[in-house]
There are 2 protein chains.
Amino acid sequence: MIFQGFRKNKTIWLYGVSLAILLFLLKWLELRFVIYDHAFEIYAGAIAVLFTSLGIWLAIKLTRPKVKTVIIEKEIYRDPSIPFVPNGKALDQLGMSKRELEVLKLMAEGHTNQGIAEALFVSLNTIKTHGSRIFEKLDVKSRTQAIDKAKKLGLIA
Amino acid sequence: MIFQGFRKNKTIWLYGVSLAILLFLLKWLELRFVIYDHAFEIYAGAIAVLFTSLGIWLAIKLTRPKVKTVIIEKEIYRDPSIPFVPNGKALDQLGMSKRELEVLKLMAEGHTNQGIAEALFVSLNTIKTHGSRIFEKLDVKSRTQAIDKAKKLGLIA
DNA sequence: TTTACCCTCATACTTTAGGGTGATTTTGTT
DNA sequence: AACAAAATCACCCTAAAGTATGAGGGTAAA
C-alpha cells in the first residue's frame with residue numbers, strides 16, 4: 001500500500017526528498033555566506049538558479065505535452081446543389097410552429113437554453129417552455145431524443 | 001535548427017526570459033533587504049518558493065494547450081444506398097477509443113447516462129467519465145455539441 | 001521495468017435541463 | 001369585436017448532466 005503510494009506519487013516523493021536536500025544545502029550555504037557581505041548576490045543568485053532548475057525539472061515531469069492541434073478534412077454527407085428543406089408535411093402533422101422549429105435547430109447545434117434565449121432575445125423561461133412543447137409534440141423526454149427524432153423525420157438538417 | 005530548438009523547448013525559453021525579469025526584480029529587492037540582517041532567511045525562503053512556483057505554473061500553463069479541432073469542410077455527395085462507415089481517419093486523429101465511440105453513439109440516440117450504463121453493463125460513473133473524455137477530445141462542453149460535431153466529422157451516422 | 005493509456009468506479013459538488021403550475025401579451029382568424 | 005393559438009414570462013422543484021478529484025487493474029510499447 002505504502003509502496004503503491006510511492007509508485008503512484010513518485011514525482012511528489014522525489015520532489016519532497018529533493019526539497020529536503022536543497023533546504024539542507026541552503027542552510028549550510030547560509031552559514032558560510034553570512035560571513036562575506038559581498039557574496040550576498042552570488043548566494044541569492046545560486047538559490048534562485050537551483051530552485052528554478054528544480055521547478056523546470058518538476059514541471060516537465062508533471063506536464064507531458066499532448067498533441068493538440070488536429071486538422072481534419074471532413075466530408076459533409078449532402079449534395080451541395082440541393083439545399084436542405086424541412087419536411088413540411090411532418091411539421092404540419094406535428095403542429096410544430098416556426099418558433100419551436102427555430103429553438104429546435106439551435107438545440108441541435110449544441111446551444112444551452114440560456115444561449116438560445118440570448119440568441120433569440122427572449123427569456124430562459126421562454127426557451128424552457130418551448131422545449132417542453134417540442135418534447136410533447138415529438139413524444140420524447142429530452143433534447144437529445146428530440147434532436148434524434150427530428151433528424152429522422154426530416155424536420156432539421 | 002535554432003528555430004526548431006525554440007519550438008521544441010518553448011517552455012524553457014519562455015521561462016528563461018521570465019527568469020531574467022525576475023533576476024532584475026531580485027537585484028532591486030536586494031538593495032532593500034541588505035539593510036535588515038534578520039530578514040535574510042525570510043528573503044531567501046521567499047525567492048526559493050517564488051521561483052519554484054513560477055517554474056511549475058509556467059510549465060503547466062504552457063504545456064497544456066487545449067484540444068483544438070480545425071474542421072475543413074469538404075462537401076461531397078454520399079449515396080444513401082451505401083451503408084454508413086465511420087470516418088476512421090478522424091477517429092484516429094482524435095484518439096477516440098472504441099468504448100468512447102460506443103458511448104457517443106448511444107448518447108446520439110437519446111439515451112440517458114443511466115440508460116447507457118445499463119445497456120453496457122457498467123456504472124453510471126463510468127459513463128460520466130467516458131462522457132468527459134469524449135467532450136475533451138471533441139473540444140465541446142455538452143453532449144448535444146458532441147453529437148453535432150461527431151456527425152459533422154462522420155464519426156457517427 | 002517503467003510508462004502511458006484505456007476502462008472502471010467512487011464521491012462531492014455545481015450547473016443545466018426539464019416538469020409543473022400559473023399568468024399575460026401578442027397575433028391571426030372568423 | 002370575439003376567440004383561439006402562439007409567444008412570452010415567472011416561480012418552485014426535481015432530475016440529469018457535467019466537473020473535479022482520486023483510485024485501481026490490465027495491457028501494450030519503450
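Letters A, B, ... mirror the listed sequences (proteins, then strands); counts begin at 1.
- Residues meeting the salt bridge (Lys or Arg N to Asp or Glu O under 4.0 Å) test with A:Glu102, sequence neighbours left out: A:Arg99.
- When the C1' atom of C:dC7 is taken as reference, atom CE of B:Met96 falls 15 Å away, rounded to whole Å.
- At a threshold of 4.0 angstrom between heavy atoms, the contacts of B:Ser97 are confined to the sugar-phosphate backbone, with no base atom among them.
- To the nearest 0.5 angstrom, B:Ile127 atom CD1 is 8.0 Å from B:Leu106 atom CG.
- For the side-chain hydrogen bond (donor to acceptor under 3.5 Å, both in side chains) test with B:Asn113, the passing option among B:Lys128, B:Glu118, B:His130, B:Arg143 is B:Arg143; the others fail.
- Looking only at distances, a side-chain donor or acceptor of B:Gln145 sits under 3.5 Å from a matching main-chain atom of B:Lys141.
- Proximity of a side-chain donor or acceptor of B:Asp148 to a complementary backbone N or O of A:Gly110 within less than 3.5 Å is not detected.
- Residue B:Arg133 places none of its side-chain N or O atoms closer than 4.0 Å to OP1 or OP2 of C:dC7.
- Put simply, CD on A:Gln114 is 17 Å from P on D:dG18, counting in whole angstrom units.
- Qualifying side-chain hydrogen bond (donor to acceptor under 3.5 Å, both in side chains) partners for B:Lys105, counting only residues two or more places apart in sequence or in other chains: none.
- Less than 4.0 Å separates DNA chain D from at least one heavy atom of each of the following residues of residues 117-128 of chain A: A:Val122, A:Ser123, A:Asn125, A:Thr126.
- B:Ser142 comes within 4.0 angstrom of the backbone, heavy atoms only, and of no base.
- With rounding to whole Å, A:Ile134 atom CD1 is found 13 Å from D:dA6 atom P.
- Nucleotide C:dT16 holds its P atom 13 Å from the CZ atom of B:Phe135, rounded to whole Å.
- The separation between A:Arg143 atom CZ and C:dG18 atom C1' is 9 Å, rounded to whole Å.
- Atom CD1 in A:Ile116 sits about 17 Å away from atom C1' in D:dC9, given to the nearest Å.
- Donor-acceptor pairing under 3.5 Å, judged by distance alone, is present between the side chain of A:Thr129 and the base of D:dC9.
- C:dG18 atom C1' lies 15 Å from atom NE2 of A:His130, rounded to whole Å.
- Following rounding to the nearest Å, B:Glu136 (CD) and D:dA17 (P) show an atom-to-atom distance of 20 Å.
- Interatomic distance, A:Lys137 NZ to A:Ser132 OG, rounded to the nearest 0.5 Å: 11.5 Å.
- A:Asn113 has a side-chain polar atom (N or O) that falls below the 4.0 Å cut-off from OP1 or OP2 of C:dA17.
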